Amino acid sequence: MCGIVGIVGKSDVNLQLYDALTMLQHRGQDAAGIVTCHQGKFAQQKANGLVRDVFRTRHMQRLIGNVGIGHVRYPTAGSSGPALAQPFYVNSPYGIAMAHNGNLTNTDAIREHLYRTDLRHVNTDSDSEVLLNVFAHELQRQGKLEPEAEDIFNAIKSVHRRVRGGYACVGLIVNYGLFAFRDPHGIRPLVIGKRSTEKGDEYIIASESVAFDVLGFKLIRDVAPGEGVFITTEGELQTMQCADDPSLSPCIFEHVYFARPDSIIDGISVYKARLRQGEKLAEKILRERPDHDIDVVIPIPDSSRVAGQALAQTLGVKFREGLVKNRYIGRTFIMPGQQQRKKSVRQKLNPIGLEFSGKNVLLVDDSIVRGTTCEQIIEMARDAGAAKVYFASAAPAVKYPNVYGIDMPSAKELIAHGRTDEEVCKEIGADWLVYQDLDDLIAASAEGNVDVTQFDCAVFTGEYVTGDVDQAYLDELDAARNDKSKASKEKTIDQGENAVIGLHNDGDNAEAG
Ligand SMILES: O=P(O)(O)OC[C@H]1O[C@H](OP(=O)(O)OP(=O)(O)O)[C@H](O)[C@@H]1O
Ligand SMILES: NC(=O)CC[C@H](N)C(=O)O
Ligand SMILES: [Mg+2]
């Protein structure tokens with residue numbers, strides 16, 4: 001899950017983009033980038049690393065202009081090398097830069113078509129570079145020396161016809177302004193905010209509304225599924241529905257894990273959705289185990305804290321922070337390899353022995369995916385002297401790959417794939433395991449906005465809303481991106497790929513990359 005942001009301001013937007021990316025850091029920890037536009041030229045800085053490490057004062061001084069976009073990356077296609085850091089750039093037509101959150105499911109077919117028919121070269125394995133080239137080609141076909149909003153919307157319409165998968169995008173066209181679009185199912189989130197200044201209105205478009213709060217922007221609304229947005233460099237906003245048959249099915253895993261609780265997505269407060277997840281899970285526990293002997297509920301920081309608290313309250317059991325999180329270790333699930341993930345859980349979480357010793361503990365997490373976290377935490381709880389260790393997951397069992405922007409490409413790596421709940425319980429070493437029911441998870445989100453009636457729940461059901469994902473695709477994805485094959489590919493990232501980033505950068509940037 002990547003984080004994207006675009007701003008059209010009345011003065012330089014570089015510092016605001018930096019702040020917004022910092023607020024979106026939880027969506028991607030591998031690479032970060034900013035592109036701004038000033039007097040007909042792009043300025044760019046992108047590299048591997050966290051936002052605070054990628055941008056130095058000298059980069060910020062170069063990133064001038066009142067329009068700009070930014071990206072934090074969590075790879076789902078190609079390598080995690082610096083050449084695949086975003087935003088991506090194409091020089092024709094006009095000069096376009098774009099940042100993408102999501103993942104395309106027909107990348108190979110479009111890549112082939114771009115090469116054979118559109119005569120376009122894509123330089124990396126990134127699906128996002130493919131997507132940018134489709135947009136660029138379709139905009140070029142409008143044949144205008146000076147594009148207008150209508151041309152940009154026509155290009156977005158064609159993108160929707162050619163591309164499948166999850167995509168929320170922001171982009172810049174040199175001298176003209178900022179565009180954005182969201183896939184026809186609205187799988188990935190995208191919100192618009194506005195701020196009034198003495199010089200006029202300023203606009204922001206980002207993955208999550210949390211990016212607005214710190215900058216003083218007000219959330220106006222979500223970009224509708226399929227909708228295109230264009231904001232001129234002068235700050236004039238135009239929008240148009242660009243999909244033939246849009247139908248909102250946002251990814252429910254945003255509410256479970258990815259998004260920050262202080263964000264509002266598709267009118268749903270992520271915080272409240274998580275509270276309701278906890279309440280509903282507690283009700284299930286009370287139904288199934290009315291005579292439970294749980295002494296204390298302990299959440300696994302960070303993401304399960306909200307649901308854990310509501311669960312404890314509804315159960316009428318003590319809630320205790322029995323695991324202390326090292327604030328300098330990032331999110332483990334979005335780290336690239338299993339070895340790194342495993343090591344990081346230990347570094348990240350440490351038990352407070354007295355909360356476990358002699359007690360029947362209910363550990364709560366938002367989800368169990370590969371089982372990396374829960375296996376180790378249950379072991380820690382036992383080492384700390386817990387009498388019984390029960391485990392509750394605020395999401396149902398994750399059994400199927402994600403293909404829309406979460407890097408869960410291999411069913412075999414999912415601990416619940418092909419296993420019953422009892423088998424998973426045994427595998428993770430718990431005394432009892434309870435999963436949220438899917439209907440309850442959906443209700444926890446849907447109760448936040450009655451207008452959202454369906455969600456992308458593919459990781460729980462194996463049903464993919466875009467309708468184009470078959471077993472052959474999933475097999476190819478597995479072969480290309482399971483942990484083993486990723487690890488062997490990452491070995492080949494060398495200085496050669498570093499050089500590719502220099503294609504679009506100036507000397508200062510190449511040295512920084
Ligand atoms: O079963 P697994 O493969 O371990 O994946 C699930 C775990 O990973 C995530 O935590 P993460 O550390 O990424 O982030 P958090 O600090 O936001 O909870 C999630 O919250 C679960 O704890
Ligand atoms: N998680 C994402 O949104 C990833 C975006 C894009 N597919 C990439 O790999 O860079
Ligand atoms: Mg976690």
Side-chain angles (χ1 to χ4, degrees), residues 249-259 261 265-266 268-292 294 297-300 303-317 319 362-371 373-374 378 389-402 406 408 411 414-428 430-450 452-465:
S249 287
C251 171
I252 206 157
F253 215 68
E254 292 276 351
H255 299 177
V256 170
Y257 167 69
F258 266 101
I265 298 179
D266 296 309
I268 299 167
S269 154
V270 175
Y271 175 75
K272 287 201 168 170
R274 288 186 188 162
L275 281 179
R276 287 188 289 266
Q277 289 167 17
E279 288 162 6
K280 289 176 194 300
L281 190 52
E283 283 157 15
K284 179 172 177 182
I285 292 172
L286 288 171
R287 273 196 313 273
E288 289 194 356
R289 298 215 153 187
D291 303 322
H292 71 78
I294 301 162
V297 171
I298 295 180
I300 300 181
S303 297
S304 69
R305 278 191 166 132
V306 178
Q309 216 160 22
L311 184 148
Q313 198 170 11
T314 311
L315 268 189
V317 170
F319 174 81
L362 177 66
L363 292 168
V364 185
D365 210 347
D366 52 82
S367 56
I368 302 171
V369 181
R370 297 177 182 90
T373 309
C374 58
I378 289 168
V389 184
Y390 306 127
F391 203 95
S393 163
V398 173
K399 288 181 185 273
Y400 303 95
N402 186 288
I406 305 176
M408 286 162 33
L414 306 171
I415 195 165
H417 181 77
R419 288 196 175 96
T420 63
D421 294 358
E422 290 69 31
E423 284 165 343
V424 175
C425 180
K426 201 165 161 217
E427 192 73 18
I428 65 177
D431 292 307
W432 181 61
L433 168 66
V434 59
Y435 280 114
Q436 184 90 263
D437 290 337
L438 182 59
D439 287 350
D440 281 343
L441 177 68
I442 292 173
S445 290
E447 282 168 22
N449 180 1
V450 288
V452 187
T453 52
Q454 50 180 19
F455 293 86
D456 161 44
C457 299
V459 296
F460 308 118
T461 61
E463 289 157 25
Y464 297 88
V465 291

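Worth saying up front: this structure is predicted, and the values here are computed from it rather than measured.
Shortest non-hydrogen contact noted between I268 and G448 is CG1-C, 4.0 Å. Between S367 and F253 the shortest heavy-atom distance is OG-CZ, 3.8 Å. Pairing each heavy atom of I368 with each of C374, the nearest pair is CG2-SG, 3.7 Å. Residues Y464 and P401 approach most closely at OH-O, 2.7 Å, considering heavy atoms.
Residues forming a salt bridge (charged side-chain N to carboxylate O under 4.0 Å, His left out) with R305 (at least two apart in sequence, or on another chain): D302, E321. Under the salt bridge (charged side-chain N to carboxylate O under 4.0 Å, His left out) criterion, E423 pairs with no residue at all, not counting sequence neighbours. Every residue two or more places apart in sequence or in another chain was checked for a ring-ring contact (aromatic ring centres under 6.0 Å, His included) with Y390, and none qualifies. Residues satisfying the side-chain contact (heavy atoms from CB on, under 4.5 Å) test with H292, not counting sequence neighbours, are L286, R289, I294, L315, V317. Residues meeting the salt bridge (charged side-chain N to carboxylate O under 4.0 Å, His left out) test with D437, sequence neighbours left out: K284. In this structure, Q313 has no side-chain contact (heavy atoms from CB on, under 4.5 Å) partners at least two apart in sequence or on a different chain. Qualifying side-chain contact (heavy atoms from CB on, under 4.5 Å) partners for A446, counting only residues two or more places apart in sequence or in other chains: F455. Remark: T461 pairs with L438, C457, E463 by the side-chain contact (heavy atoms from CB on, under 4.5 Å) rule, at least two apart or across chains. In this view, Y257 and F333 satisfy the ring-ring contact (aromatic ring centres under 6.0 Å, His included) rule, not counting sequence neighbours. D365 meets the salt bridge (charged side-chain N to carboxylate O under 4.0 Å, His left out) test with no other residue; sequence neighbours excluded.
Contact annotation: the side chain of C251 never approaches that of F258 to less than 4.5 Å [non-hydrogen atoms, C-beta and beyond]. Inter-residue side-chain proximity for V424 and F391 is flagged as unmet; no heavy-atom pair is nearer than 4.5 Å. Contact of the E283 side chain with the R287 side chain is registered, since non-hydrogen atoms from C-beta on lie closer than 4.5 Å. The side-chain heavy atoms of L362 and I298, taken from C-beta on, include no pair separated by under 4.5 Å. Proximity of L441 to Y435: side-chain heavy atoms (C-beta onward) are nowhere separated by under 4.5 Å.
Using a distance-only test at 3.5 Å, with no hydrogens or angles considered, no donor-acceptor pair links the side chain of Q436 to the main chain of A395. Side chain of D456 to main chain of V465: no donor-acceptor pair is present (N/O by atom type, distance under 3.5 Å, no hydrogens or angles).
The list of side chain to side chain donor-acceptor pair (under 3.5 Å) pairs with a residue in residues 270-281, not counting sequence neighbours, reads K280-E447. The side chain to side chain donor-acceptor pair (under 3.5 Å) pairs that include a residue from residues 392-402 number zero, where partners must be two or more places apart or lie in different chains.
Between atom CD of residue Q309 and atom CG of residue L275 there is a gap of 8.0 Å, rounded to the nearest 0.5 Å. To the nearest 0.5 Å, atoms CD1 (I378) and CD1 (I428) are separated by 4.0 Å. How far OG of S304 is from CG of L363: 9.0 Å, rounded to the nearest 0.5 Å.
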Discussion item. Could you go through V364 and F319, starting from their C-alpha distance and side-chain angles, then the distance that decides it, and tell me whether this counts as side-chain contact (heavy atoms from CB on, under 4.5 Å)?
Written reply: CA-CA 11 Å; V364 185; F319 174 81; over 6 Å; no
Item to complete: Verify side-chain contact (heavy atoms from CB on, under 4.5 Å) between V369 and L414, making sure each step is shown before the conclusion.
Response: CA-CA 6 Å; V369 181; L414 306 171; 3.7 Å; yes
